[in-house]
Amino acid sequence: MARETSLSRRSFVKTTGALGLLSAAGAATSQTLFGETTPKAFADEGSDEKTVWTHCHVNCGGACVLQCHLRDGELSSVESDNTGNAEFGGFQARACLRGRSIRRWLGGPDRLNYPMKRVEGTKRGDGQYERISWDEALDTIANEFKRITETYGNEAVFIQECSGVEQNLMMNNPFFRLFNLCGGEITRYGNYSNAALSFGAAPYTYGDKSFATRSFKTLKEGQLVVLFGNAPADTRMAGDGAGYDLNVAREQKGVRIICIDCRRSEIAANQGVEWIPILPGTDAALVAGLAHVLITENLVDLDFLHTYCVGYDEETLPEGAPANSSYVAYIMGTGYDMVEKTPAWASEITKIPEERIVKLAHEIAEADPCFIAQGWGPQRHANGDSAARAIMLLPQLVGQVGKPGTNSGAREGNGGFDFPTLPTGKNPIKTQIPQYLWPEAIKDGPSLTATKDGIRGAERLSTSIKMLVNYGNNMMANQNGDINFTTDILRDESLCEFIIQYDVNMTDSCNYADIILPDLTPQETYSLSAAGENNDSLGLWPGQPLYEPKYERREIYEVCGELAKRLGVYDEYSEGGLTREDWCRKLWDELREEQPQIPPYDEAVAQGIYKEDMPVEDKTEDFIKDPEANPLKTETGKIQIYAPELAKFAAEWELPEGDEICPIPAYTPGFEGAGSQTEQYPLLITGFHSKTTTHSSYANNDWIHATAPFSAWINPMDAQERGIADGETVGIETARGELRIAAKVTNRIMPGVVAIPQGAWHKADMQGDRIDHGGCINTLTSRHVNPVSKGTGQHSNIGQVKKVEA
Ligand SMILES: Nc1nc2c(c(=O)[nH]1)N[C@H]1C(S)=C(S)[C@@H](COP(=O)(O)OP(=O)(O)OC[C@H]3O[C@@H](n4cnc5c(=O)[nH]c(N)nc54)[C@H](O)[C@@H]3O)O[C@H]1N2
Ligand SMILES: Nc1nc2c(c(=O)[nH]1)N[C@H]1C(S)=C(S)[C@@H](COP(=O)(O)OP(=O)(O)OC[C@H]3O[C@@H](n4cnc5c(=O)[nH]c(N)nc54)[C@H](O)[C@@H]3O)O[C@H]1N2
Ligand code: SF4
Ligand SMILES: [Mo]
């Protein structure tokens, strides 16, 4: 299907006029994709079987189609997207095992069925709850909101992230919409996923986190791809996602892939993919070693560096930068720490053999084009801001940025299509906290300041957080760093005075709530979503409810509507009584005004899903074509190897002992980084996102875990030293706590490193020994944030592993 090729994904929604010109094969009929027609949902007359189309909604980056078959009103089996023809370029949003096993999850033993309140006289964390009516739950919430905002102001109310319901028109927007009509709430910036890269690194390097990023679909025949801590076959598993795209490029275009990772991830286990093991947290040292080879052998692209970048060498340092503060000075030992960054120096730190570093430098210098992309593993460390900047520097050194077949060194492009969501209205409160620091903002909000803790919009917080709304997250006792620290704060009712947990499962986080609310999943109600973080495709999923709500589960838009009635803002909240289904239609219709080729809502529902390919974007950036006319949004307008903003932060901000902000991406080991191991804690304990769960979502699905149980990866050398055999239970300890988990003894992990999949459900006697038998990594992780972004450094930990009785 021919499409207007000048349209970018991002401008797609906003553009109107040009779209009328587009070929619109399916305005009134099923959309045709490469000769195949999207089949209609079937509902055989007289039969008790029917098919309902909906989608998976968790935060894995995908949003796969679920084609659900019902028998006698109950979900009997699940298929996915089998429409179109993936082989000929049409995409298929095929679900992974998690989505396909959703039947077990929807009807699982942990499902919440009724509203509950904490039993009087018990404390948070005791886990004693009793069933209450919805009226009692809603009255309590409305009254507490009024009491807390009247006593402390609206800055005392915080709505936590909702990664558990990411792919959906509602997410937790109804709470924002409601509270914004009632004086607002304190908000957050940054996120758990990529705070260091997107908030600490890219803005000061490129002025924008998506500058010059490209999808794997843009890879050229036979080209080189270098991935740093990027595991798309584990973490971009959707049938239309980046993992699929990269595998297609590997198989059909013969691209060569090098994976630099402490762990041999799934993509690195493929034939023809090379794994270079690296100690976690040392990527900036590797880049420095590579730079040494490139500089001393005249392999850098000086034209590129002098035209587009500042701070590579002394002559391109921005005004005001001191002498010898360039990157070349750092590498050659005449600046910063006065140490020459030879490959031998880098080898000592990273544990990559010197010869391999030299060879990699040559490979990168010779490759044209060369596609360098980092995942979010390297930046999830306490020195992650700087690691992310260092990796982005590598393609700059060889002039492989902004042109076809290249990438910026940040994550590969994953723009996807911005599907419409419930509008949240305007929040009158401008103060923001860094996402990761919400427990600190509960403990002692006013002690958090702009220059010490990254508070934005004010010098310091006026109050601590007194009301916490958790919808679709398992943050309190699972996903946030240092569970023992966090739950101590939550247990103390004099700190946070009121906590809601609104979920579908009785997670450990529920045990810290005052009120627990049972949700419907997006499969159990009306939903609207779009193809997820895939690329160059437009997919719209108008999900329909599988069955009538069971028990007393209720969806968020309606529940916040009930609260709106109690707070006197229902008319504004609901725009005169719109239901969730009405919003699905309304947002769909608004989208159609801009994109008339999309069929009407009812037709799309009958059809099941709607999808079309979009043009693959791989053009040369305007900045590269003309840097003077199209400056970047950085302070200097150029790519900043030396960032003046960072020099200013370094001079003005208060940092904890040992932390550092450096205007060039120098290697600093960071808190509990490589080299900080002790006799008591000789191992680096790191984590990763695993294929069996999406964080803690699906982590209680025993069907999946039977195939791949949670286990900590440990190298045979480290295991042998400790008498540990594959599959045995081990105890893992850091200064924060201790857990139990099975050992996976494998040479797919570097010696000296233990990698634990994040997401396992926390299970500990918190008033007893606090040992976590669920294997949740956040029993071990710290509160130490990255110096610039104030984002998580959860994967920087030193610790020990020991054999224990199961
Ligand atoms: N150590 C360590 N910690 C990490 C990470 C890491 O790499 N290492 N990763 C971090 C990252 S990147 C992220 S994004 C966060 C994610 O952490 P969270 O945002 O907490 O996401 P999940 O663990 O998936 O939890 C989602 C919750 O939503 C619930 N849920 C699922 N479906 C529904 C629904 O339809 N309605 C409602 N109301 N609830 C639902 C699930 O039962 C679960 O309790 O974790 C962070 N934590
Ligand atoms: N199956 C699945 N998919 C998911 C998720 C999930 O939980 N499960 N979560 C989703 C979400 S919200 C997010 S944020 C993304 C995250 O997805 P990714 O960006 O893939 O993040 P991670 O799994 O944390 O790290 C990627 C790789 O980095 C490696 N790594 C760790 N530390 C270092 C280091 O210091 N240097 C180098 N070179 N490598 C390192 C890890 O071993 C891992 O293989 O995944 C999304 N997709
Ligand atoms: S978990 Fe992700 S990849 Fe798997 S079905 Fe759901 S959206 Fe798709
Ligand atoms: Mo994330």
Side-chain angles (χ1 to χ4, degrees), residues 57-62 96 98 105 110 112 160-166 168 172 191-195 227-232 234-238 241 243 259-268 276-283 286 374-381 383-384 387 391 411 470-476 478-481 501-510 517-525 533 555-556 673-674 684 686-700 713 749 753 755-759 761 776-778 780-781 792 794-797:
H57 63 283
V58 295
N59 179 13
C60 81
C96 77
R98 287 164 287 169
W105 201 59
D110 299 306
L112 291 167
Q160 185 64 265
E161 71 152 40
C162 95
S163 159
V165 199
E166 177 82 2
N168 174 271
N172 57 0
N191 55 44
Y192 283 91
S193 309
N194 53 22
L227 300 178
F228 284 80
N230 191 342
D234 302 63
T235 60
R236 289 287 180 259
M237 291 173 75
C259 284
I260 298 158
D261 198 311
C262 42
R263 194 179 66 93
R264 187 169 198 172
S265 70
E266 297 297 307
I267 189 83
I276 301 183
I278 185 171
L279 265 198
T282 67
D283 299 80
L286 170 60
Q374 61 183 300
W376 298 330
Q379 54 96 60
R380 226 182 276 286
H381 291 273
N383 61 0
I391 299 166
R411 192 167 197 128
N470 294 297
Y471 173 83
N473 68 66
N474 193 355
M475 276 297 156
M476 291 198 288
N478 226 87
Q479 293 304 108
N480 190 49
Q501 183 75 40
Y502 190 174
D503 205 293
V504 289
N505 283 314
M506 186 70 198
T507 62
D508 198 23
S509 291
C510 289
L517 301 177
D519 200 9
L520 293 171
T521 69
Q523 300 80 31
E524 294 168 330
T525 177
E533 284 179 350
E555 61 85 19
I556 183 173
L684 295 177
T686 187
F688 63 97
H689 292 220
S690 88
K691 60 188 175 182
T692 54
T693 76
T694 305
H695 315 293
S696 71
S697 293
Y698 296 123
N700 58 331
W713 295 27
I749 182 81
V753 182
I756 304 174
Q758 59 95 29
W761 280 26
C776 178
I777 185 177
N778 287 315
L780 307 175
T781 54
T792 168
Q794 261 154 307
H795 290 170
S796 291
N797 305 284

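In listed order, ligands and their atoms are each counted from 1. Sequence positions, counted from 1, serve as the residue numbers for this chain.
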Which residue and heavy atom of the protein sit nearest [atom], plus the separation:
atom                    : answer
atom 8 (N) of ligand 2  : T693 O, 2.6 Å
atom 23 (O) of ligand 2 : H689 N, 2.9 Å
atom 41 (C) of ligand 2 : D261 OD1, 3.4 Å
atom 34 (C) of ligand 2 : D283 OD1, 3.4 Å
atom 16 (C) of ligand 2 : R380 NH2, 3.4 Å
atom 20 (O) of ligand 2 : T235 OG1, 2.8 Å
atom 7 (O) of ligand 2  : H695 N, 2.8 Å
atom 33 (C) of ligand 2 : H381 NE2, 3.6 Å

Polar contact flag for [X] and ligand 1 (N/O pairs, less than 3.5 Å):
X    : answer
Q479 : yes
N480 : no
N59  : no
T521 : no
T507 : no

Among [options], which one has a heavy atom closest to [atom]?
atom                    : options          : value
atom 26 (C) of ligand 2 : G375, G229, G61  : G229
atom 3 (N) of ligand 1  : E161, Q758, Q794 : Q794
atom 1 (N) of ligand 2  : N194, I391, D234 : D234

What part of [X] sits under 4.0 Å from ligand 2 if we count only heavy atoms: the side chain, the backbone, both or neither?
X    : value
C96  : neither
I278 : side chain
K691 : backbone

_Whether the Q479 and N778 side chains hold a donor-acceptor pair (N or O, under 3.5 Å, no angle test) is what I'd like checked._
no
_If the contact criterion is a heavy-atom separation under 4.0 Å, does G759 count as touching ligand 2?_
no
_Per-atom contacts of ligand 1 with V165, taking only distances under 4.0 Å to non-hydrogen atoms_ = 33 (C), 34 (C), 35 (O), 36 (N), 37 (C), 39 (N), 40 (C)
